[in-house]
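From a predicted model like this one, the values you see are computed outputs, not experimental measurements. Note that the numbering runs from 1 along the sequence shown for the chain.
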Amino acid sequence: MQNAQKLGISLLDLDYLVISHGHLDHMWGLDPLLRMYSQASLEGRAMRMPTLVVHPRTFNFRPRTYLGGSGSLVNEERVAQFFIVQRIEEPLWLTDKLVCLPGIPKSNSFELRQPFKQIRVDGQDVDDYMEDEIALAYKSADGLVVSNACSHRGICNTLEYAKAICNETRIADVICGFHLQNPDQEVLDGTVAYFAQNTPAALHPCHCTDLRSKIALSAVANIQEAGSGLALTYPS
């Protein structure tokens with residue numbers, strides 16, 4: 001919210017809010033956002049009711065060793081007072097060029113081999129393979145621009161799915177966490193080989209991508225810095 005304010009972006013004027021996945025660090029912002037919406041409503045300020053795009057498992061409880069688990073601090077019922085909640089399990093086109101991609105399938109042997117702890121489904125704690133993760137793909141004139149927050153389902157799996165759904169093989173840019181934080185050698189080698197073969201115009205690795213992985217990727221791709229406030233423009 002502070003970054004949006006500094007950039008002059010009004011969060012009272014949203015069309016869509018897409019939740020990438022149900023981990024705390026990607027959902028914590030909902031709590032202060034709902035408080036801001038409540039205050040705006042009390043003050044009689046004009047605001048629209050945006051659509052919140054989530055996977056059916058986004059709000060599921062994820063047990064962890066620390067208090068409260070690792071899921072959302074607010075429940076879906078509370079959120080639905082301020083958003084039109086749209087649950088998706090199939091690709092959703094927000095515009096003719098921008099698509100939400102849930103249900104990212106496994107397409108290689110080196111990604112998505114282990115669960116990420118557990119998630120509660122129908123009252124049972126089961127292995128969590130992050131089925132709720134949603135990526136975004138934009139069809140620019142220069143190829144796909146893909147963002148996937150953390151890439152728990154695998155950055156290469158994500159890009160292959162985006163290419164299939166968008167009917168586009170060119171990759172203009174990838175802006176997200178690559179989930180390469182102390183990766184084992186097979187995962188790192190497989191990822192580097194994938195980008196060597198697919199030759200993206202640029203890569204903007206964000207959080208959960210360590211220095212060793214960025215250095216390895218820089219041997220085969222044009223690695224660029226990424227951070228809050230960065231503005232990038234792509235031809236439509």
Check whether any side-chain heavy atom of [X] lies under 4.5 Å from a side-chain heavy atom of [Y], and answer yes or no.
X      : Y      : value
Asp210 : Pro183 : yes
Cys176 : Ser151 : yes
His179 : Thr209 : no
Phe116 : Cys150 : no
Ser213 : Leu188 : yes
Trp28  : Leu73  : yes
Leu136 : Leu101 : no
Glu111 : Asn108 : yes

Looking at [X] and [Y], what are the two nearest heavy atoms and their distance?
X      : Y      : value
Arg153 : Met130 : CD-O, 3.3 Å
Leu92  : Gln86  : CD1-NE2, 3.7 Å
Asn60  : Pro56  : OD1-O, 3.6 Å

Backbone N/O of [Y] and side chain of [X]: donor-acceptor pair under 3.5 Å:
X     : Y     : result
Glu43 : Arg45 : no
Ser38 : Leu34 : yes
Thr95 : Leu98 : yes

Give a yes or no on whether [X] and [Y] share a hydrophobic cluster (residues Ile, Leu, Val, Met, Phe, Trp, Tyr; joining criterion: side-chain heavy atoms under 4.5 Å apart).
X      : Y      : value
Val85  : Ile134 : no
Ile165 : Ile104 : yes
Leu94  : Tyr234 : yes
Phe82  : Phe59  : yes
Met49  : Phe83  : no

Original post:
Would Arg113 and Asp184 pass as an ion pair if we require N to O under 4.0 Å?
Top reply: yes
Original post:
Is the shortest distance from a Lys or Arg side-chain nitrogen in Asp31 or Arg35 to a carboxylate oxygen in the other one below 4.0 Å?
Top reply: yes
May I ask you to check whether over 12 heavy atoms, not counting those of [X], lie within 6.0 Å of atom [atom1]?
X      : atom1 : value
Gln2   : CD    : no
Gln124 : CD    : no
Arg48  : CZ    : yes
Asp13  : CG    : yes

Taking side chain to side chain contact (heavy atoms under 4.5 Å, CB included) as the criterion, tell me which of [options] meets it with [X].
X     : options               : answer
Arg57 : Glu133, Arg87, Glu131 : Glu131
Leu11 : Gln5, Met1, Met47     : Met1
Val18 : Leu52, Val53, Thr51   : Val53

To the closest 0.5 Å, what do you measure between [atom1] ([X]) and [atom2] ([Y])?
X      : Y      : atom1 : atom2 : result
Gln81  : Ser41  : CD    : OG    : 10.0 Å
Ile84  : Tyr16  : CD1   : OH    : 9.0 Å
Lys106 : Cys156 : NZ    : SG    : 10.5 Å

Ring centres under 6.0 Å, that's the criterion: do [X] and [Y] meet it?
X      : Y      : result
His26  : His207 : yes
His55  : His21  : no
Tyr194 : Phe110 : no

Tell me which donor-acceptor pairs under 3.5 Å the side chains of residues 139-149 have, and how far apart each pair is, sequence neighbours excluded?
residue, atom, partner, partner atom, Å
Lys139, NZ, Cys166, O, 3.0
Ser140, OG, Asp142, N, 3.1
Ser140, OG, Gly143, N, 3.2
Ser140, OG, Gly143, O, 2.6
Ser147, OG, Ile175, O, 3.0
Asn148, ND2, Thr158, OG1, 2.8

Original post:
Can you check side chain to side chain donor-acceptor pair (under 3.5 Å) on Glu160 and Asn157, steps first, answer last?
Top reply: CA-CA 5 Å; Glu160 284 303 293; Asn157 287 331; over 6 Å; no
Original post:
Yes or no on side chain to side chain contact (heavy atoms under 4.5 Å, CB included) for Asn198 and Lys163, after CA distance, side-chain angles and deciding distance?
Top reply: CA-CA 11 Å; Asn198 284 271; Lys163 287 160 62 176; 2.7 Å; yes
Subject >> Ser72/Thr58 under side chain to side chain contact (heavy atoms under 4.5 Å, CB included): CA gap, chis, key distance, verdict >> reply: CA-CA 8 Å; Ser72 176; Thr58 298; over 6 Å; no
Name every donor-acceptor pair, under 3.5 Å, that has one atom in a side chain of residues 217-226 and the other anywhere in the protein, sequence neighbours excluded.
residue, atom, partner, partner atom, Å
Ser218, OG, Ile215, O, 2.5
Asn222, OD1, Gln224, NE2, 2.6
Asn222, ND2, Ala201, O, 3.4

Original post:
Partners of His204 by ring pair (Phe, Tyr, Trp, His ring centres under 6.0 Å), sequence neighbours excluded?
Top reply: none
Subject >> Asp132, Asp127, Asp125 screened by salt bridge (charged side-chain N to carboxylate O under 4.0 Å, His left out) with Arg62, the one that passes >> reply: Asp132
Original post:
What is the ring orientation for Phe195 with Phe178, classed by angle as parallel under 30°, tilted 30 to 60°, or perpendicular over 60°?
Top reply: parallel
